[in-house]
Amino acid sequence: MSAQPIIWQTLAQDEGARAGILRTRRATIETPVFMPVGTLGSVKGVRFEALETELDARIILANTYHLYLRPGVELIRACGGLHRFIGWERAMLTDSGGFQVWSLSGLRRVTEEGVEFRSHIDGSQCFLSPEIAMEAQAALGAEIVMAFDECPPGKSSLEEARRSMELTLRWAQRSRRRFLELQREGADAGRTQEQDLLSGAQAQFGIVQGAIHLDLRRESLARTVEIGFEGYALGGLSVGEEKGAMYEVLAEIAPLMPADRPRYLMGVGTPEDLLEAVAHGIDMFDCVLPTRTARNGLAWTSRGRLNVKNARWARDTKPLDEECACAVCRRHSRAYLRHLYLAGEMLAAILLTHHNLFFFLDTMRRVRQSIRSGCFSRFRQEFLERFNAGLD
Ligand SMILES: N#Cc1ccc(CCNc2nc3cc4nc(N)[nH]c(=O)c4cc3[nH]2)cc1
């Protein structure tokens, strides 16, 4: 039995924004959705029970590049796949590794075949190709897997962006071919219904590149759709380009992405960026912002950014965000969080991470509500007015 495909349906359209439902074997995901990043199989600083209960995260992202290097995908397969290995029972998406090789490993050599690189962990010689990236993701077992692509720098010239886009398209064809072969092999393996429920990707997403060059972006989208995927991602953004250029790509390209498939913006972003992208019809997001900045003392609030390191909060007994309903804001003060952070207490990162994820996930819940009520534009305006008003 081949893995059942994901089921995508649009529930409401509000100007350019849309609200939908993505049904995978393990979770019903309401969109627009923010995916917490669990690079190495953990969302740093937060337990899965909290992610499932108070935070109600339905899908998280993991990175093939990192898990391929450590502990290795064969070990994870031998332990029953990534969901079982880490104890996460809802949905997962795995990024394919191309971007992480580019952003993490120093020495790397890109050839037609794939990417040779040195592990950022022990410097050993490694190699990833579209085929290896698909086989690695099959071993991990996420419901949604990403094609293997190359992400050019955000300010690439037209020539560099075209060269990279053409390579990504050839790798997209190889990724798709290997994905379909693996699906057939899995089906031919005579998986029982139960096994099918536990393994086998339900969807592979293609990744649109082209940097900030709109003609390239339109060509990349058309040729990626021609290959045919269950969903489509905008890659190559939030990688050093001007924010205005990213917004221009969103405005021009997102509405052209197939309306009957999920639209995923990779690696983005701040609350302002999320609202901008939702306005142009993006459904899925992932970003390390809420988790990584928490470990550096930053809280995201309805009144903007609050860094607990600031002496301004030393005696402030108010919660991080007076309008936040999370467990951290119900119990703790800015003064206490500042004390924990300055004392180097690990609880500082844990509490700030919990609050930040609650803020991002709850904001997306309110976004979905506003789209389904036909008032997203007003919600977005009011949200940004308060967010940019700053803290009194
Ligand atoms: N704190 C913090 C923080 C650190 C980095 C970032 C930028 C993340 N941007 C980003 N992730 C990406 C992943 C990607 N994956 C793939 N396979 N392809 C991409 O083009 C791609 C592009 C991305 N752009 C955003 C916030």
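When a ligand or atom number is given, it counts from 1 through the structure's own listing order. Atoms considered below: every heavy atom in the structure, side chains included; atoms not considered: hydrogens, waters and symmetry mates. The first residue in the sequence is number 1, and the count goes up from there.
- Among the atoms of Thr293, none of the N or O lies under 3.5 angstrom from an N or O of ligand 1.
- Residues Glu143 and His83 have side chains that bring a donor and an acceptor to within less than 3.5 angstrom of each other.
- A salt bridge links Arg372 with Glu30: at least one charged nitrogen is closer than 4.0 Å to a carboxylate oxygen.
- For atom 6 (C) of ligand 1, the nearest non-hydrogen atom from the set Ala233, Ser103, Gly235, Ser238 comes from Ser238.
- Of the candidates Gln183, Arg176, Glu230, Gln137, Gln204 forms a side chain to side chain donor-acceptor pair (under 3.5 Å) with just one, namely Arg176.
- Within the 4.0 Å heavy-atom cutoff, Met146 does not count among the residues contacting ligand 1.
- Between Glu52 and Arg26 there is no salt bridge, since no side-chain N of the basic residue sits under 4.0 Å from a carboxylate O of the acidic one.
- When heavy-atom distances to ligand 1 are checked against a 4.0 Å cut-off, Val268 has no atom that comes that close, whether in backbone or side chain.
- Proximity to Cys287 (heavy-atom distance under 4.0 Å) selects the following atoms of ligand 1: 25 (C), 26 (C).
- Listed by number with element, the atoms of ligand 1 under 4.0 angstrom from any heavy atom of Leu237 are 9 (N), 10 (C), 23 (C), 24 (N).
- Closest to atom 18 (N) of ligand 1 among all protein heavy atoms lies Asp149 OD2, 2.8 Å.
- How far CG of Leu265 is from CD1 of Ile253: 12.5 Å, rounded to the nearest 0.5 Å.
- Within the 4.0 Å heavy-atom criterion, neither part of Gln100 lies near ligand 1.
- Note on Glu160 versus Arg163: salt bridge recorded, some NZ/NE/NH1/NH2 to OD/OE distance being below 4.0 Å.
- The N/O atoms of Val239, backbone and side chain alike, include none that comes under 3.5 Å of an N/O atom in ligand 1.
- Between Arg77 and Glu74, at least one side-chain N (NZ, or NE/NH1/NH2) sits under 4.0 Å from a carboxylate O, which counts as a salt bridge.
- Every atom of ligand 1 with a heavy atom of Ile207 under 4.0 Å away is listed here by number and element: 17 (N).
- Residue nearest to atom 8 (C) of ligand 1, selected from Ala133, Gly98, Gly267, Cys151: Gly267 (by heavy-atom distance).
- For ligand 1, the polar-atom distance check against Asp95 finds a nitrogen or oxygen pair separated by under 3.5 Å.
- Not a single heavy atom of Glu150 sits under 4.0 Å from any atom of ligand 1.
- Annotation: Arg70, atom CZ; neighbour count of heavy atoms from other residues, nucleotides and ligands within 6.0 Å does not exceed 12.
- Look at Asp321 and Arg303 and you find no salt bridge, because none of the NZ, NE, NH1 or NH2 atoms lies under 4.0 Å from a carboxylate O.
- Hydrophobic clustering (side-chain heavy atoms under 4.5 Å, transitive across Ile, Leu, Val, Met, Phe, Trp, Tyr) keeps Met266 apart from Val101.
- Looking at ligand 1, you'll find an N or O of Gly236 within less than 3.5 Å of one of its N or O atoms.
- The ligand atoms of ligand 1 that sit less than 4.0 angstrom from a heavy atom of Val288 are 1 (N), 2 (C), 3 (C), 4 (C), 26 (C).
- Residue contacts with ligand 1: Arg292 is placed with no nitrogen or oxygen under 3.5 Å of a nitrogen or oxygen of the ligand (distance criterion only).
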